[in-house]
Protein chains: 2
Amino acid sequence: MPTEKIDRRSLRTRAMLRDALISLFQKMDYETITITDIADQANVGRSTFYAHYTSKDDLLRSSFAGLRALLVDQQQEALARRGSFEDRSLGFSLAMFEHAGNHRDLYRALVAGRGGTIALTSIRQILSDLVRNELTTTYDKANPHFVPHELVVQYVVGAFMAVLTWWLDRRAELPPERVDAMFRKLAVQGIFRINEPPPPAVPLSN
Amino acid sequence: MPTEKIDRRSLRTRAMLRDALISLFQKMDYETITITDIADQANVGRSTFYAHYTSKDDLLRSSFAGLRALLVDQQQEALARRGSFEDRSLGFSLAMFEHAGNHRDLYRALVAGRGGTIALTSIRQILSDLVRNELTTTYDKANPHFVPHELVVQYVVGAFMAVLTWWLDRRAELPPERVDAMFRKLAVQGIFRINEPPPPAVPLSN
DNA sequence: GTATTTACGGAACTCATTGTCCACTATCCT
DNA sequence: AGGATAGTGGACAATGAGTTCCGTAAATAC
């Protein structure tokens, strides 16, 4: 069992520190937040902070456990569905857009500053694992030995992260389903046709 | 004329500061570099630094002028070429891979640390401008009013940056032409087929 | 070539933050 | 209840950010 009975006090203060960081995130840039700020906001001694986390980054990184679980679920569910390849692929996408949309303010604060780096890196890491896993069960069989596996993973996740941050910067005006559909159309058609001949000339007539 | 005759001494010290930062980049993380370090490395007074730049970030950002010019050239050249849509599209890609490959050590140092953020953001900005410009002359006509213009820009640039950093992390083993080809195949086919029906079922037989 | 303008150096100073330490207290666990 | 564990708040040295000032050096203007 992974739960090694941690003292309630520890759990409490850790939660308070997490919440404090999230609160501060909405008020100021991540970089300008100091350990003192966090400790004050959490009503906790500064030395207490160091008893649990080694740095701001450490604290931030530790706050991405739930998200991973959520996305893994969604992926499993999508893969288990019937339907075309595109319907079942990239199952994390919609869930991620929705999650980000629901916590829009937080995410936008995250993405904005330089501190977004850690957050985005964490998310990127989670998504990379998902995509990598998904591709081993699908893409590989269809397109063996053509483009390095990991290149496709990075391509897809990079594109996704870019669309996600763009969407958030735009105040998430488009409904999640729409962005999701657009992203996946771009991505899936790009990924699964690389063995085919190039597309025809551009249809200027219509 | 944009050159407002700047004192030679200024030009010299600015160059020395730039070089100093680049040197230090190879030795230590961007975050751990201090203004003092830069000034020392450049053999310049610390106050002199502040006479020219307001911060480390400011200095770093100012070091991306040449790159932009190079990439714009490449794009123009590629667009002027004859050939298929894919051949002419995304003309910055190969140039960027080659530039990064030639200055591999520097780029890898840039990408590695957290300070890469500023560098990567600068590059991302440059590339976004290029792609946006390119799409207004091509993509728009082919796929009007379907996916927001800017979404495609972000999608492409995000994917590119991800592939680029992955490639650099891998010590740039693949030749630039290869990565370029792979990236553009993924990107172009993904971008220019969004009006067409979905791809056929996966060819498991072969 | 001289005068004027501009940049440089370097020290001094203020301020904010980090990270560590310690003795004391509060809380939990069983 | 009593030992273990966690939290408190203050003191501490160390580091770096910016700013200011003034004497000196170098470039530019004419």
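The chains referred to below are lettered A, B, ... by the order of the sequence lines, with proteins before strands, and numbering in each begins at 1.
One finds no side-chain N or O of T36(B) lying less than 4.0 angstrom from the OP1 or OP2 phosphate oxygen of dT15(D). Look at H52(A) and you won't find any side-chain N or O under 4.0 angstrom from OP1 or OP2 of dA6(D).
Between the CG atom of D40(B) and the P atom of dA17(D) there is a distance of 11 Å, rounded to whole Å. As a whole-Å value, the separation of E31(B) CD from dT18(C) P is 14 Å. L59(B) has its CG atom 13 Å from the P atom of dG18(D), to the nearest Å. Distance CD1 (I33(A)) to P (dT18(C)): 11 Å, rounded to an integer number of Å. What separates CG of L11(A) from C1' of dT5(D) is a distance of 13 Å, to the nearest Å. Note: CG (D7(B)) to P (dT6(C)) measures 9 Å, nearest angstrom. Rounding to whole angstrom units, OH of residue Y53(A) and C1' of dG19(C) are separated by 18 Å. Between I38(B) atom CD1 and dG16(D) atom C1' there is a gap of 12 Å when expressed in whole angstrom units.
Looking at residues two or more places apart in sequence or on another chain, you find a side chain to side chain contact (heavy atoms under 4.5 Å, CB included) between D37(B) and L24(B), M28(B), I33(B), T34(B). Residues meeting the side chain to side chain donor-acceptor pair (under 3.5 Å) test with E98(B), sequence neighbours left out: none. With sequence neighbours excluded, the residues satisfying side chain to side chain donor-acceptor pair (under 3.5 Å) with E150(A) are R132(A), Q154(A). Take R68(B) and apply the side chain to side chain contact (heavy atoms under 4.5 Å, CB included) test, not counting sequence neighbours, and it matches V72(B), I126(B), D129(B). Residues forming a side chain to side chain contact (heavy atoms under 4.5 Å, CB included) with R8(B) (at least two apart in sequence, or on another chain): none. In this structure H103(A) satisfies the side chain to side chain donor-acceptor pair (under 3.5 Å) test with no other residue, sequence neighbours excluded. In this view, T165(B) satisfies the side chain to side chain donor-acceptor pair (under 3.5 Å) rule with no residue, not counting sequence neighbours. Residues passing the side chain to side chain contact (heavy atoms under 4.5 Å, CB included) test with L59(A), sequence neighbours excluded: L17(A), R18(A), L21(A), I38(A), F49(A), Y53(A), S62(A). Residues forming a salt bridge (charged side-chain N to carboxylate O under 4.0 Å, His left out) with R9(A) (at least two apart in sequence, or on another chain): D7(A).
Between the W167(B) side chain and the V179(B) main chain, no donor and acceptor come within less than 3.5 Å of each other.
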For nucleotides 22-26 of chain D, which of its nitrogen or oxygen atoms have a protein nitrogen or oxygen under 3.5 Å away, and what is each distance?
| unit_1 | atom_1 | unit_2 | atom_2 | d |
| --- | --- | --- | --- | --- |
| dA26(D) | N3 | R9(B) | NH1 | 3.0 |

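Within residues 43-50 of chain A, the residues having any heavy atom under 4.0 Å from DNA chain C are, by residue number, R46(A), S47(A), Y50(A).
The C1' atoms of five pairs define one axis at each end of the helix from dG1(C)-dC30(D) to dT18(C)-dA13(D), and these two axes lie 20° apart (to 10°).
Checked against a 6.0 Å centroid threshold, the rings of Y155(B) and F160(A) do not count as neighbours.
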